[in-house]
Amino acid sequence: MQQPEVLTDHDVASSKKSVMKKLPEVTLAFWVMKVAATTLGETAGDLFSQTLKLGYFLTTIALFLIFVVTLVVQLRSSRYNPFFYWTVILSTSMAGTTMSDFMNRDASSKYLSVGATSLGWGPQGLGLGYPSGAAILLSILVVIFAVWRLSGMTFQIRDIVTFRGEALFWSAILVSNTLGTSMGDFLSDSSGLGYAGGALLVTGALLVLVALMKVPVVPNVLLFWIAFVLTRPLGATAGDFLTKPAAKGGLDLGTAGSSAVLLAVLLGLMAYAHVQERAATTA
């Protein structure tokens, strides 16, 4: 009996004109939407866990299940759909927010509102702290990239069109967004920089990466993944800056109002990307 042919990423890349792409082109609009989605992920995650007092444990479970549902929709799609793709990015940002909070925080007064003794049902948090939580997440991310490298599949986002490649991509996205949350919260809460200072520091680091794009010896794929991780703490610090009380250096706009505005902005960007994508495919 003839053995079925196994399609590798190399085979797909060599004939990608006949294969529908599943992931977007990396442009300036891509990064604008990434920051918008990660900022919304921060405010929406805090809305469920803190404002609605569901707690980190229950919210993490609920948002992880939402991530799984949105991921299944994305994986089953036969081509790139901006609404599917950015919904998964948003769900990883929301889940990453509460996963990071559950890992790093506890029931101490430092993380609870005045007079509160608990936050939702279940464990209040593991209390690992931001440095330990970030180290664990960074280790997991390195393992994912090592497996990815050993598999021989491409790291180029525009060439990822197989199920295994996309599964590794989304695994890295979920962990990187959780890691980015830990980094952002550390900058905002523990570094002494505050929300605005943390955002400025990350923005400066991103500008350095832009400059390094002109250096031939630095792989653009490496710069992409570093930027992808760093845009998460930028979103985290920006989200905290919007929602936290003025006494803590925030604008005190609230998680509900900030999330509603950011959702409207992200939906508008999704619609624009959808129109652009349809125009490109029909040209």
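Within the structure, every pair that satisfies the salt bridge (charged side-chain N to carboxylate O under 4.0 Å, His left out) test and touches residues 88-102, not counting sequence neighbours, is listed here: D101-R105. Screening residues 126-148 for salt bridge (charged side-chain N to carboxylate O under 4.0 Å, His left out) gives no qualifying pairs among residues at least two apart or on separate chains. Within the structure, salt bridge (charged side-chain N to carboxylate O under 4.0 Å, His left out) contacts touching residues 228-238 (residues at least two apart or in different chains) are E42-R232. Screening residues 228-252 for ring pair (Phe, Tyr, Trp, His ring centres under 6.0 Å) gives F224-F228, W225-F228 as the qualifying pairs, with residues at least two apart or on separate chains. Here salt bridge (charged side-chain N to carboxylate O under 4.0 Å, His left out) pairs that include residues 253-271, with residues two or more places apart or in two chains, number zero.
Taking T92 as the reference, N177 meet the side-chain hydrogen bond (donor to acceptor under 3.5 Å, both in side chains) condition, with sequence neighbours excluded. Checked against ring-ring contact (aromatic ring centres under 6.0 Å, His included), F67 has the following partners two or more places apart in sequence or in another chain: F64. When the side chain to side chain contact (heavy atoms under 4.5 Å, CB included) test is applied to F83, the partners found at least two apart in sequence or on another chain are N81, M270, A271, H274. Remark: T255 engages T51 in a side-chain hydrogen bond (donor to acceptor under 3.5 Å, both in side chains) (not counting sequence neighbours). Residues satisfying the side-chain hydrogen bond (donor to acceptor under 3.5 Å, both in side chains) test with S176, not counting sequence neighbours, are none.
Grouping Ile, Leu, Val, Met, Phe, Trp and Tyr by side-chain contacts under 4.5 Å, direct or through others, puts V73 with F84. Applying the 4.5 Å side-chain rule to ILVMFWY residues, one finds that L200 remains a lone member of its cluster.
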